[in-house]
Amino acid sequence: MNAENKINASNTWSLQLIDNMDKIIAPDLPTPAKKKAARSGPVDENTPAFANRQDDDDDGGALVNFQKASCTLDASVKIYSYRVDDVHTSSYKVLANLNRTE
């Protein structure tokens, strides 16, 4: 939705991306074929070698996809900013109604 620019103030409260971000960004456990490809270099010519880097000592061979993490973070920032703007707008509407009734 972020790439299509479809995140807006009306649908931001129904999106669950921020709540599930840890599950989305969690390192993928590699299959033996992925382990071999990660050790030999990039999976394709557009992927830098460090994006598929793995350390068997640290995390049991889990791969971190930095491109997926950056896109998820970008969408989460957009969602969060729309939520903050919505709370701000709603708060000022309540304040205006309180001032009008006094």
Side-chain angles (χ1 to χ4, degrees):
M1 287 184 73
N2 188 32
E4 299 166 355
N5 206 19
K6 292 189 177 185
I7 297 174
N8 54 40
S10 62
N11 67 3
T12 189
W13 293 102
S14 63
L15 299 174
Q16 301 297 317
L17 180 66
I18 294 174
D19 300 332
N20 298 317
M21 192 163 44
D22 58 336
K23 296 174 188 126
I24 294 169
I25 297 178
D28 298 325
L29 295 176
T31 60
K34 284 184 181 178
K35 271 188 176 183
K36 185 178 180 185
R39 285 192 182 121
S40 63
V43 174
D44 65 350
E45 65 276 354
N46 296 327
T47 306
F50 65 84
N52 294 313
R53 185 176 172 267
Q54 73 178 20
D55 292 326
D56 289 333
D57 300 335
D58 296 340
D59 54 9
L63 299 175
V64 177
N65 187 338
F66 290 101
Q67 185 176 8
K68 181 167 68 170
S70 75
C71 291
T72 304
L73 187 60
D74 183 43
S76 297
V77 165
K78 194 169 193 178
I79 291 168
Y80 193 77
S81 67
Y82 274 117
R83 287 181 181 181
V84 168
D85 289 343
D86 187 42
V87 168
H88 178 264
T89 303
S90 299
S91 299
Y92 271 95
K93 284 180 184 177
V94 169
L95 181 63
N97 287 335
L98 286 175
N99 286 335
R100 202 170 25 157
T101 58
E102 289 179 354

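Since this is a predicted model, take the numbers as computed values, not measurements.
- Under the side-chain hydrogen bond (donor to acceptor under 3.5 Å, both in side chains) criterion, the residue pairs touching residues 8-18 are N8-S10, W13-D86, with sequence neighbours excluded.
- Every pair tested for salt bridge (charged side-chain N to carboxylate O under 4.0 Å, His left out) that includes a residue from residues 9-19 fails, sequence neighbours excluded, so the list is empty.
- Note on residues 73-96: pairs passing ring-ring contact (aromatic ring centres under 6.0 Å, His included), not counting sequence neighbours, are H88-Y92.
- Listed by chain and residue number, I24, T72, A75, S76, I79 satisfy the side-chain contact (heavy atoms from CB on, under 4.5 Å) test with L17 (two or more places apart in sequence, or in another chain).
- In this structure, the side-chain contact (heavy atoms from CB on, under 4.5 Å) partners of K6, at least two apart in sequence or on a different chain, are M1, E4.
- Under a hydrophobic clustering in which Ile, Leu, Val, Met, Phe, Trp and Tyr are joined whenever their side-chain heavy atoms come within less than 4.5 Å, directly or via other members, L15 and V84 fall into the same cluster.
- When the side-chain hydrogen bond (donor to acceptor under 3.5 Å, both in side chains) test is applied to D22, no partner is found at least two apart in sequence or on another chain.
- Residue pairs satisfying the salt bridge (charged side-chain N to carboxylate O under 4.0 Å, His left out) criterion with at least one member in residues 62-75, sequence neighbours excluded, are listed as follows: D28-K68.
- Both I18 and I7 are members of a single hydrophobic cluster when ILVMFWY side chains are connected at heavy-atom separations under 4.5 Å.
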